[in-house]
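In what follows, every heavy atom counts, from backbone to side chain, and hydrogens, waters and symmetry copies are set aside.
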Amino acid sequence: MTVLAKSSTELRSESVRSLYDQLTARLKDLNHLNGISGLLQWDQEVMMPSKAAASRAEQLSTLAGVSHEMQTSSVLGSLLEELEQRQDLSAELNPYELANIRLSRKTYKEETLLPVELVKANASLNSKSVGAWVEARKESDFSKFAPYLQDQVNILRQKVAYKMKGGVCEEARKINEKARASLGLTEADECYKGYYQALLNDYEPGFKDDRLQALFSDLKQNLVPLIAKIKAKNFQHDNSYIEGDFDVKKQTEFSHRISKQIGFDTDAGRLDVSTHPFTGGAHPTDVRMTTRYTINNFQEGITGTIHETGHSLYEQGRNKEYVDTPVSQALSLGVHESQSLLWERMVALSKPFWTYTLPLLKEQFADREDLQAVTPEQYYNAFNRVEPGFIRIEADEVTYPMHVILRYEIEKALVEGDIQVADVPALWNAKMKEYLGLEVTEDRIGCLQDTHWAVGLIGYFPTYTLGSIYAVQIFATAKEAIPNLDEHLAKGEFSVLKEWLNKNVHEQGSLRESGDDLIFDLTGKHLDSSLYVKYLTDKYTAIYNL
């Protein structure tokens, strides 16, 4: 590791390469700490004894404090300041290295605006809040989680306020100023308008909330009628061979087999079970993903596994040359979600996939006589049934966006002060009735079903639908680039698609500044919801003979 020169005079005498090497040495140390935190969080969800919740909260809080201190150190700031003043960066450094400086400068500026006490309190709250959510979900009682959600909203508002005052989140500041002016408010008055914009940019950099509103409005206008047309057919494809008794041990074996065939490297990762499926870990060589199984519904386990496998392939496929630095990280949550949804929907819900996979499934569940006579076409139709349901992660791809839009509307209203925490269950239930025609009877299958709010992930949900739109565009481009891709998939030759995605998405990391930039460079078009609507309309018009 290069010895760090501390004085301004000494830094000015350093070469650009020396400064950059010193920067990356610190960035790698930070990434190692974050990796440790990631493993503790994985353990908390998968293996940790319930009585360890309080000590784990303290551990995560301490780690968050140490990471924050490193991230905001004056030494790191001096390095970034000196690099910013150099005129010869592009002559000395390649685009990936320049991106590391850009990303580090952005993070440093944002982190230095946050008091370490707030960062530690945030980490501690996340750990305690998860435990409260688990218990509230078990008892289907939102009131037991409500105080923690209020604390999460309060902390997020504080973080946004610090950033806005420090000159970060300019788009959010403009929205806030405009709202204050229209309402006749002063700086001393409480106003949280625009705060959601700041939170959205934490997960989807550069994406504007007004564009998101327009996009979601477009989806509602097109998908609600499509759902109604399907419902009006008063017909459903038989899915009895997906339901019934599917031994969980056999499901687990089959899921592991398919995940490995798709490309998940089990020497560089694990597949376990948790209440809510997720992908995490510490490094491309240590990726931890989870799924869940139900004995009476085979589809939930296999699609959940393939979804998380898509996330894991992204993590394992990140740029090895710049590993442990910001440019190696995923570009955005929407882009990350595009990879899980591409494998879950474009591949696992396709005819070619079941042409290859169904014989393997029949072999695994030889005791299921009803399964032996099923054709790939029948299984394809069964897996693509459109049925409005309560649970987001079990939703079909036509109704899924409505689940996301519902959450977006509630969390935006909550953060910006249009509703109170106590209003969430009733509002949730009303929107489920309006959008999907469902009567929510208990919080467990309503507003307590997701873990995101328990760890302060507000601004995250929209990336699921943005990921759906990205996925359609990326897969269409992959089909143009890979001759006879459907034939490869029908033979179980998944590596051709995986390798293409490794090169064109995963290894690109955060080289570009936004998901929109990546999608434009890759497909020749900006993010386009009309392509997504066309994909859904064409596919389900054929399946339901609309």
Side-chain angles (χ1 to χ4, degrees), residues 126 129-130 133 136-137 140 142 145-146 148-150 152-153 156-157 192 195-204 207 209-220 223-224 227 275-278 307 332-334 336-338 340-341 388-440 442-469 529 532:
N126 286 348
S129 185
V130 167
W133 168 76
R137 186 174 182 272
S140 196
F142 178 78
F145 174 61
Y148 295 90
L149 179 55
Q150 184 62 64
Q152 288 288 6
V153 170
L156 287 172
R157 285 172 175 171
Y192 302 113
Y195 277 42
Y196 193 83
Q197 174 66 71
L199 299 176
L200 176 63
N201 278 340
D202 285 342
Y203 306 105
E204 199 63 28
F207 209 88
D209 186 36
D210 58 357
R211 184 181 177 198
L212 188 63
Q213 292 178 49
L215 185 152
F216 281 177
S217 176
D218 177 56
L219 293 184
K220 280 200 278 190
L223 296 187
V224 170
I227 295 169
T275 303
H276 191 102
F278 70 95
H307 179 98
S332 75
L333 267 296
H336 217 311
E337 195 65 21
S338 77
S340 59
L341 292 173
F390 296 103
I391 307 302
R392 176 184 62 84
I393 64 171
E394 298 172 8
D396 57 80
E397 61 181 337
V398 179
T399 60
Y400 188 95
M402 306 313 297
H403 287 267
V404 172
I405 292 170
L406 176 154
R407 287 157 174 78
Y408 158 71
E409 291 173 346
I410 290 176
E411 66 180 20
K412 175 180 166 66
L414 189 58
V415 166
E416 298 198 342
D418 294 327
I419 63 170
Q420 302 302 313
V421 167
D423 300 327
V424 169
L427 186 57
W428 181 292
N429 299 350
K431 287 180 179 292
M432 284 295 286
K433 177 67 174 176
E434 179 186 354
Y435 297 160
L436 295 173
L438 299 174
E439 296 278 0
V440 180
E442 53 180 329
D443 294 341
R444 179 181 59 81
I445 60 173
C447 58
L448 285 176
Q449 64 182 271
D450 297 301
T451 189
H452 300 61
W453 291 344
V455 288
L457 295 181
I458 294 178
Y460 186 120
F461 278 117
T463 65
Y464 287 121
T465 291
L466 293 177
S468 299
I469 304 170
S529 60
Y532 178 52

**Student:** Please name all residues satisfying ring pair (Phe, Tyr, Trp, His ring centres under 6.0 Å) with H403, sequence neighbours left out, ordered by chain then number.
**Tutor:** none
**Student:** W133: what forms a side chain to side chain donor-acceptor pair (under 3.5 Å) with it, not counting sequence neighbours?
**Tutor:** none
**Student:** What residues form a side chain to side chain donor-acceptor pair (under 3.5 Å) with T451, not counting sequence neighbours?
**Tutor:** none
**Student:** Counting only pairs under 3.5 Å, give me each side-chain donor-acceptor contact of residues 421-432, with atom names and distances, residues two or more places apart or in other chains.
**Tutor:**
from	atom 1	to	atom 2	distance (Å)
D423	OD2	Q420	N	2.8
N429	ND2	P425	O	3.3
K431	NZ	E409	OE1	2.8

**Student:** Who are the ring pair (Phe, Tyr, Trp, His ring centres under 6.0 Å) partners of Y192, not counting sequence neighbours?
**Tutor:** Y195
**Student:** I'd like to check the side-chain contact (heavy atoms from CB on, under 4.5 Å) partners of L156; sequence neighbours left out, ordered by chain and number.
**Tutor:** L199, I458
**Student:** Mind checking what makes ring pair (Phe, Tyr, Trp, His ring centres under 6.0 Å) contact with Y408, not counting sequence neighbours?
**Tutor:** Y196, F216
**Student:** Using the test side-chain contact (heavy atoms from CB on, under 4.5 Å), find all partners of T463 that sit at least two apart in sequence or belong to another chain.
**Tutor:** Y203, E204, L333, Y460
**Student:** Taking salt bridge (Lys or Arg N to Asp or Glu O under 4.0 Å) as the definition, give me every residue that meets it alongside D396, ordered by chain and number, with sequence neighbours left out.
**Tutor:** none
**Student:** List the residues meeting salt bridge (Lys or Arg N to Asp or Glu O under 4.0 Å) with R392, not counting sequence neighbours, and say none if there are none.
**Tutor:** D450
**Student:** Report the residues that fulfil side-chain contact (heavy atoms from CB on, under 4.5 Å) with S140, sequence neighbours left out, ordered by chain and then residue number.
**Tutor:** E442, D443, R444
**Student:** Apply salt bridge (Lys or Arg N to Asp or Glu O under 4.0 Å) to E434 and list each qualifying residue two or more places apart in sequence or on a separate chain.
**Tutor:** none
